[in-house]
Amino acid sequence: MADEPTSKQPEKRPETSEGQPPARETSAQKPAEKPAGEKPVPPKKEAPPAWPKPLDNEMVRRFRQRFGDAILDALEDRKQAILVVAAERLREIAEYARDEEQFDMLTDLTAVDWPKREKRFDLVVNLYSFPRNERLRLKAAVGEHDQPPSLAPVWAAANWLERECFDMFGIRFEGHPDLRRILLPDEWVGHPLRKDYDILQQDTAWVRENLGIESGQ
Amino acid sequence: MDAVVEFLKPHLLPLLWAVVIVAVLPLVAGYIVLLERKVMADIQARLGPMRVGPHGLLQPIADALKLLLKEDIIPANADKWIFWIAPLISVTAAMLALSAMPFGPVFQIADLNVGLLFIVAVSSLGIFGIVLGGWSSNSHYALLGALRSAAQVVSYEVAVGMALVSGLLLAGTLSMRKMVEAQAEQGVWFAFLVPVGFFIYLVAGIAELNRAPFDLPEAESELVAGYMTEYSGFRWALYFLGEYTAMIVVSGIGTTLFLGGWLRPFPNVAAFDFLDYLPAVLFLALTGYCFYRAPKQPVPIQKAVMGLFGVLCLGITAALGWAVTLPAEAVARAGILGAFWFLAKVFLFLYSFMWFRFTFPRYRFDQLMRLGWHFLIPVSLVNVMGVGAALVLHRQAGWPLWQGLVLGTVVTLAVAAWLILVRQRRPVAAPSAGGEV
Amino acid sequence: MAETPTRHVHFPGMDTTVLGADEIIINMGPQHPSTHGVLRVKLHLDGEKVIGSECIIGYLHRGVEKIAEHRSYQQFAPYVDRMDYVAAVSNGLGYCEAVEKLLEVEVPPRAKVVRTILTELQRIASHLLWLGTHALDIGALTPIFYCFREREEILKIFEKYCGARLTTHAFRIGGLQYEVYDGFEEDVKRFLADFDRKIDEYEALLTTNRIWVERTKGIGVLSAQDAIALGVTGPVLRASGVKWDIRKAFPYAAYDRYDFEIPVGSNGDTYDRYLVRMEEMRQSRRICLQAIEDIPSGPILGKVGKVMKPAPGEVYHSIEAPKGELGYYIVSDGTTQPYRVRIRPPSFINLQAFDTMVRGHLVADVVAIIGTIDIVLGEVDR
Amino acid sequence: MVEQFTFYFFAALAVISAVLVVTVRNAVYSAVFLITTLLATAGIFLQLRAEFLFVVQIILYVGGIMVLFVFVVMLVDLDVALRQVQFNRQKWVALLVVLAVAGQLVFALALGSEALGLPAAAPESLEPNTESVGLRLFESYMLPFEIASILLLVAMIGAVLLGKRQKPPRSEA
Amino acid sequence: MIPTSHYLYLALALFTIGVLGVLTRRNVIIILMSIELILNAVNINLVAFARHFGSVDGQIFAIFVVTAAAAEAAIGLGIIIAFFRNRETVLADEMDMLKW
């Protein structure tokens, strides 16, 4: 039983376009140093320990057993455990992690933008367990117009973190009690941490509007 | 016309004193501010103002100039008239209270036979300046500060009054002058006869002055500057003047009623007569220091200022020295030495106010109210009853007065201890932290 | 009857109906002397009692995370100093260690020990600043000057070491930027020698002071359960009774070599947080004393190239900054620039607990509670 | 001469500010003018050689009662109230009635003052200071004094009860 | 010297103004203040007569009047506060219900 999910794992990986070299996107501003190719980087450095290693331990097995297909992948990167999960079931998984696996603290919640992917955002949830002194990272791919479930009912800490995530990436969390911008003013246009948000453009627009001159940048 | 002249004749000296007080008070207040800053600096391991004049001696004048020249800003939505008049009420009330204050046996504008009540009454008008100023500013901070202030002053007035009554019972008069005379007769300051009353007066007096640790109406970390948030420039300076004058008034009442007014320590003991020379010697030392430091100042003008202060001190020394040489019954001798001792005691009060301010954190408003109503007022009531009982025992049963007073003090302290214990046993008011989330 | 005037007020996460006549909304900040920077707090008051609050932040937002995506790994290092600018060394340590983890380079022991010393000194400096301002907010005017007197000594050590006092950028990815200066040990030892007595001095002013105790005991209580749910870390968490310190849980730098205690509170109130931080200063001194006695010799920089190209992948690394868990989540795409840097700011997350802590208290307690969380707006807003 | 000046000055001040108390729109201004009236009255007490009453007037009336008034005016202060009509509908009738009563009283006074010997200057010699007031108060008027203190106690308790807020906001009002 | 009748005329003026205020104003607080004016007029009378007859009794009565005024103000203002809390008005002619 426990083996089954593990065997599935290799098939799943390519689908989720897990994230490392293949999916490396290029933001507009830095065309110079992007290798852009399929996998040119790993060979260049002489055989780096291809870090995202598959992870298979008791805990992962328990997760798989419980959630089956919703656990898309289990990885280890720099000795840190990562579970790639389906965004729709994120809240269930989080609740399970909190209640059954003792991951009682939400350390951090953020996102990474991969514009070229089909689901452009990776939602990254960092958990910590006091009793086990262990960290666990949950990752879920979220499309631009997807509404992942909010974790605020699970951990109160998620409230502001999700607001920040919404502010910076424009990810709308379903069921969040008060989803507003937090760091930027309410009338701000755009979501700055998206890769297609150009700081220069922002800057020149502001200068043109408020100072009435062309920005020198 | 003649009538006016006739009327003025007996009032010439008081009028002169009044003019002196009005003219000198702002300067004195300025220098009390400087003193406060220096004391603060000393407590806080730093130097304080050092730039304007030698050791910052001209700082008050620079500050006054700056405040005078500042723009007089009245907020757009403020109630102009009241905003304009409120600081004046504060200053006037405080200054008026000085009119019955005996700065010595001679230097007193008027000795009313309700002197103490008059001072208390008039200085209680000062809160209108605060309340109206806070209201007219049309700002939440100012309004909250003003309301706090009103509540605080009104509640501590009771404790102050009761503490004063305990002293008054011993003095048997309301006249400021006769109070001092009563202490001269008894040969002991009332602070030693009713220590609890004195202590309560000190604490409640600080609270009435809105000074730390009871400075909630202007708690800068909570209400910015309280009722004076919207004030600036000269109007603000008037509030400050009013506040420091009120400090002098409170100190003056305390000095007169509890610390023997213009009497020197041990007024009736001939062995301590040498204390009469102390003022002159003190100022001589100060003169010496000024002249010694003057050449060491870096800038010529600072040398000059330091020298000037030396000359000033020398003048005071001369006056004090001359007074000592006069025969004991001379008016000038009593007047000058009395003024010195009175002012010295007032400064003792002022210093302790400053000392408390820089040592204690600030009370919270409800704690302040609790302290006033649940502790100071009951204790002061018991204290008054104790003093009254001692007096009755003294007059009716012939007990020595001091025995009764010691008994009364012991009872009062016991009640105070009981109150503290009761308060401690009750859980500290932790207003349902986050209960409703 | 229908005439009872009611108004609906919106709080984050809840709707409350209150009697209109009793409620006022007061706006603290962003220009307010005790919001520790440009924090703006909207308080819903019933008289002087707080019935709800809303923190409005972002006035200092500089887009640090966005900047990171446009700088090389080394170039970004000075930026992190500008987040928690009263504990720049700690920020730098966290960032450097995170990148080192990503690069998988080993830092020489000498560098590790010096890093530990400087970081602990920085913790003391940060706590001193906190103590001074916190006491000032509660109305004790004097401790801040004592605190600054000692903090100055620490800043002088920093200045002598790297030339900067505040935004030090003291470390380099892979080790240290500079060798310690001559007399470093003596300076640190001299500072530590009577620092213990200085802490006693602060405590003499505050710990048993009746007013201080009344102002802080039972104020801003945060239960351990709430603290964990809110993700609160650092002294605030420990004061709630959770014995957790990253220096012990996931030892980094050279902390595994030294003996020290984790002070824990029991009530989770402002007074406990005060005691915890005071004790932390003593423990920091203890760590420094052990470390300064025995700085290993050897190189100060590990094997890192001039051009840093970490293998693609991601890493989360956190340290125990003075304010709590300071985490860096860095995603590399194999180039010289990080693909994404996420900073987990302890102040930001701890500040979220403010609303829980402040409800039911009085306005005067608001400043005590803001002070006790120990926020730096540069870090909250990034 | 000085005596006259003092009296007429304070009397004029009292009357003018009393008129302003009832005519001014803003309740805070009313309170300020009432304070002025009370202080002017205190001045008249002083001129009547009633020093103790002068002080009582200032401490109790101005320093106590009026602070209370100002406090309440500020708590209750409504911008709405300022814009509403300040006088009620019967104002003209009221004015008429009051003037009639005032006229009658003036008439009575003018007639009666001769008979009562009122125009005569009051005796100078009265030396009523604090002691005599106190002695009289605690000797002849002991019972009223105690009753007054009970009255104050009752008033205090009543005020506390009234000021106390009912915990559950009443739904049926 | 000032004849006693002048004091009475002054008291009369204040009394009249006070009554006028009570009868015409709508704001309850100002009505209360007008009542204070009336009491004050009474006090002037009492003190003037005290002087006129060379006895302290009038002053004693004035003290009692002040006491009564204090009690009245405390209760009156307490009622106003309580009423305002429930009704958000301080206008006398809107206080036309015998319950709240």
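Computed from a predicted model, the values in this text were never measured in an experiment. So that the names make sense, note that chain A is the first sequence line, chain B the second, and so on, each numbered from 1.
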Spacing of [X] atom [atom1] and [Y] atom [atom2] [to the nearest 0.5 Å]:
X        : Y        : atom1 : atom2 : answer
A:Leu183 : C:Ile56  : CG    : CD1   : 12.5 Å
C:Arg382 : A:Met168 : CZ    : CE    : 7.0 Å
C:Glu69  : A:Lys195 : CD    : NZ    : 3.5 Å
C:Phe250 : A:Tyr128 : CZ    : OH    : 4.5 Å
C:Ile349 : A:Leu106 : CD1   : CG    : 7.5 Å

Is there side-chain contact between A:Ile182 and C:Phe348, with heavy atoms separated by less than 4.5 Å?
-> yes
Side chain proximity check, A:Val112 to C:Glu314, heavy atoms < 4.5 angstrom = no
Can you label the angle between the A:Trp114 ring and the C:Tyr339 ring as parallel, tilted or perpendicular, going by 30° and 60°?
-> parallel
Between [X] and chain A, with a heavy-atom cut-off of 4.5 Å, which part of the residue counts as in contact: side chain, backbone, both or neither?
X        : answer
C:Val242 : side chain
C:Leu351 : both
C:Tyr329 : side chain
C:Ile228 : both
C:Leu60  : neither

Which heavy-atom pair separates [X] from [Y] by the least distance, and what is that distance?
X        : Y        : answer
A:Asn133 : C:Ala249 : ND2-O, 3.0 Å
C:Arg344 : A:Thr107 : NE-O, 2.6 Å
A:Tyr197 : C:Lys66  : O-NZ, 2.9 Å
A:Thr110 : C:Arg340 : OG1-NH2, 2.6 Å
C:Gly313 : A:Asp77  : CA-OD2, 3.2 Å

Take atom [atom1] of [X] as the centre, draw a 6.0 Å sphere, and report whether it contains more than 12 heavy atoms from other residues, nucleotides or ligands.
X        : atom1 : value
C:Gln225 : CD    : no
A:Arg172 : CZ    : no
C:Lys248 : NZ    : yes

Contacting region of [X] [heavy-atom separation from chain C under 4.5 Å]:
X        : result
A:Asn126 : side chain
A:Ala111 : backbone
A:Arg137 : side chain
A:Val124 : side chain

Is NZ or CZ of C:Lys243 both nearer than 6.0 Å to the six-membered ring centre of A:Phe130 and within 45° of the ring axis?
-> no
Among C:Glu65, C:Arg342, C:Gln352, the residue with the most heavy-atom pairs under 4.5 Å to chain A is C:Gln352
Largest heavy-atom contact set with chain A, pairs under 4.5 Å, which of C:Ala229, C:Gly231, C:Cys55, C:Ala227 = C:Ala229
So does C:Glu325 pair up with A:Arg135, basic N to acidic O under 4.0 Å?
->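 Looking at C:Glu325 and A:Arg135, the cut-off is met.
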